Undergrad: 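This is the structure I want to talk about, given as structure tokens.
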Protein chains: 2
Amino acid sequence: MAVETRDRIIEAADLLFYQHGFEATSFADIAASVGISRGNFYHHFKTKDDILDGVINRRLANTEQMLDRWEIAGSDPAERVRSFIHILIVNGEKIRKFGCPVGTLSSELAKLNHAAKSDATALFTLFRSWLCRQFERLGFGDRSDELAMHILGRSQGVATLANAFDDDRFLHHEVDLMCTWLDDQIAELSTENHSVRE
Amino acid sequence: MAVETRDRIIEAADLLFYQHGFEATSFADIAASVGISRGNFYHHFKTKDDILDGVINRRLANTEQMLDRWEIAGSDPAERVRSFIHILIVNGEKIRKFGCPVGTLSSELAKLNHAAKSDATALFTLFRSWLCRQFERLGFGDRSDELAMHILGRSQGVATLANAFDDDRFLHHEVDLMCTWLDDQIAELSTENHSVRE
DNA sequence: CCAGAACTAGGACAATTGTCCCAATTCAGA
DNA sequence: TCTGAATTGGGACAATTGTCCTAGTTCTGG
């Protein structure tokens, strides 16, 4: 069936774009990975940019689904933010090899001046607004987006260095620091509220 | 003279690799930028990888020089670390457009499985050990490398997000946070020392 | 069962890639 | 000034790129 092949192409392209980058991945590479002929591509995707769109949309959908799952998982917002932080460990091996899929794609598209750069940024925005929502529920009000960006940035930096140095210990240590930071923020917030009430 | 041309090639390649990435920059691009013929390249650089080596060595030399300048600038180690943090602001415009030169190159070479990846990591190591030295002088002992990696990671994350969102306010805010973090670390350290003495 | 749509394989196409050669020019040293 | 090395420009080269076409095959709805 058509949809199956299309999905298989996107799935293979997703992986290859992540592992080797968008520019460095050719039609031939994807075709070989899927096991279909190069020419067959044109029927499913008119241009390479179309495949990129497909890949980004797939990532957007998968990410949204993951965040939704965490949201309905019942645990408190702080626990959800911890889930986000722990992606670094869950995907630790891949991150050490290829970096963060979101950050590296965004960087590459920025350099290529690619039209889909804003779509890649939308992936970041998905995490950003989700994190922001969690902080709002924790009572951080206007500071929520700031905190969301902070933790998003921290994980990006950890991914970049863990990749550069292939360092698992660093990754774990920084995850601990981020969790501590989260606890501190929550603790500080509650003392603030106390002093406001008094 | 030969050296002049060679340097002009490396300088142009350095800029293009930073702005558009290594893979996306062709011989023709560099030649056009320098204003010499494509064929003339072969006399100076046998392969594209040779140019990359030249660029990385140039960056290594420039970085070392910059760090040395900061080191002899007389101010205390904390001030030096602040100098490092403020690169994010000094180079803010470029970073928002193209990301961190060190981090993005390192990521790209990791994905390309390129032989020069370790050389790119050496650029990180330059900053890492320099920062480590400053923390040691501040009295952080065994924790110095940890702190160096922490601040290195923070700035990487800030660069990635400032680039993705083209956000100058975020960049400035995070720089402030990093400086505050540094002050806190130093303050905590001095109270620790006090309690040890008592 | 059959017409038309969906799909596939294979290759053509011009453009670009990194690499390389060669003839012309410039330069340095005797 | 003369010689040989260093440098340069203008391509040639095969390989690969993204794009596109065409002729077959498979599938589906009536």
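Naming convention: chains lettered A, B, ... in sequence-line order (proteins, then strands); numbering from 1 in each chain. As the structure is a computational prediction, the values presented were derived from the model and not from experiment.
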Undergrad: When you measure from the side chain of Glu108(A) to the backbone N and O of Gly21(A), does any donor-acceptor pair fall under 3.5 Å?
TA: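 Checking the backbone N and O of Gly21(A) against the side chain of Glu108(A), no donor-acceptor pair under 3.5 Å is found.
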Undergrad: So, do Ile186(B) and Leu138(B) sit near enough that their side-chain heavy atoms are less than 4.5 Å apart?
TA: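 Result yes, sub-4.5 Å side-chain heavy-atom pair found.
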Undergrad: Return the nearest nucleotide to the side chain of Tyr42(A); candidates are dT8(C), dC20(D), dT8(D).
TA: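 Out of dT8(C), dC20(D), dT8(D), the nucleotide with an atom closest to Tyr42(A)'s side chain is dC20(D).
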Undergrad: Listed in order of residue number, which residues of residues 47-55 of chain B have a non-hydrogen atom at under 4.0 Å from DNA chain C?
TA: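 Result for residues 47-55 of chain B: Thr47(B), Lys48(B), sorted by number.
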Undergrad: On DNA chain D, does the nearest nucleotide to Asp29(A) precede the nearest nucleotide to Gly35(B) from the 5' side, or the other way round? Give the residue.
TA: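 Going by which nucleotide is closer to the 5' end, it is Gly35(B).
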Undergrad: Give me the ring orientation class for Phe124(B) and Phe165(A): parallel if the planes are under 30° apart, tilted from 30 to 60°, perpendicular past 60°.
TA: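 Phe124(B) and Phe165(A): tilted rings.
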Undergrad: Which residues pass the side-chain contact (heavy atoms from CB on, under 4.5 Å) test with Leu60(B), not counting sequence neighbours?
TA: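 Leu60(B) satisfies side-chain contact (heavy atoms from CB on, under 4.5 Å) with Ile56(B), Asn57(B), Ala122(B), Leu123(B), Leu126(B) once adjacent residues are dropped.
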Undergrad: Among the candidates dG9(D), dA9(C), dT8(D), find the nucleotide nearest to the side-chain atoms of Asn40(A).
TA: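 Comparing dG9(D), dA9(C), dT8(D) against the side chain of Asn40(A), the answer is dA9(C).
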Undergrad: Considering only distance and modelled atom types, tabulate donor-acceptor pairs under 3.5 Å from the side chains of residues 109-120 of chain A, sequence neighbours left out.
TA:
unit_1: Lys111(A); atom_1: NZ; unit_2: Tyr18(B); atom_2: O; d: 2.5
unit_1: Lys111(A); atom_1: NZ; unit_2: Phe98(B); atom_2: O; d: 3.1
unit_1: Lys111(A); atom_1: NZ; unit_2: Thr104(B); atom_2: OG1; d: 3.1
unit_1: His114(A); atom_1: ND1; unit_2: Ala116(A); atom_2: N; d: 2.9
unit_1: His114(A); atom_1: NE2; unit_2: Asp49(A); atom_2: OD1; d: 2.9
unit_1: Lys117(A); atom_1: NZ; unit_2: Asn163(B); atom_2: O; d: 3.2

Undergrad: Taking CD1 from Ile9(A) and C1' from dT8(C), how many angstroms apart are they, rounded to a whole number?
TA: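 The distance from CD1 of Ile9(A) to C1' of dT8(C) comes to 11 Å, rounded to the nearest Å.
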Undergrad: Look only at the side chain of Arg96(B) and the backbone of Leu171(B), and say whether a donor-acceptor pair between them is shorter than 3.5 Å.
TA: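 Answer holds: no.
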Undergrad: Sequence neighbours excluded, which residues qualify as side-chain contact (heavy atoms from CB on, under 4.5 Å) partners of Gln185(B)?
TA: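 If we apply the side-chain contact (heavy atoms from CB on, under 4.5 Å) test to Gln185(B), skipping adjacent residues, the hits are Phe140(B), Arg143(B), Leu147(B), Trp181(B).
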Undergrad: Side-chain contact, heavy-atom cut-off 4.5 Å: Glu146(B) with Phe135(B)?
TA: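 They are not in contact (no side-chain heavy atoms under 4.5 Å apart), so the answer is no.
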Undergrad: Measuring from the side chain of Ser37(A) (C-beta onward, heavy atoms only), which nucleotide among dG10(C), dG10(D), dT17(C) has the closest atom?
TA: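 The answer is dG10(C).
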Undergrad: Is the phosphate of dA6(C) approached by His44(A) (side-chain N or O, under 4.0 Å from OP1 or OP2)?
TA: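 So the side-chain polar atoms of His44(A) never come under 4.0 Å of the phosphate oxygens OP1 or OP2 of dA6(C).
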Undergrad: Rounded to the Å, how far apart are His43(B) NE2 and dC20(C) P?
TA: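 Distance check: His43(B) NE2 to dC20(C) P gives 15 Å.
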Undergrad: Just the rounded figure in Å: distance from P of dT8(D) to CZ of Arg6(B).
TA: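 Result: 12 Å.
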Undergrad: Under the side-chain contact (heavy atoms from CB on, under 4.5 Å) rule, collect the residues that match up with Phe27(B), sequence neighbours excluded.
TA: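 Phe27(B) satisfies side-chain contact (heavy atoms from CB on, under 4.5 Å) with Phe41(B), Lys48(B), Ile51(B) only.
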Undergrad: List in numerical order all residues of residues 11-27 of chain A for which some heavy atom is under 4.0 Å away from an atom belonging to DNA chain D.
TA: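 The answer is Thr25(A), Ser26(A), Phe27(A).
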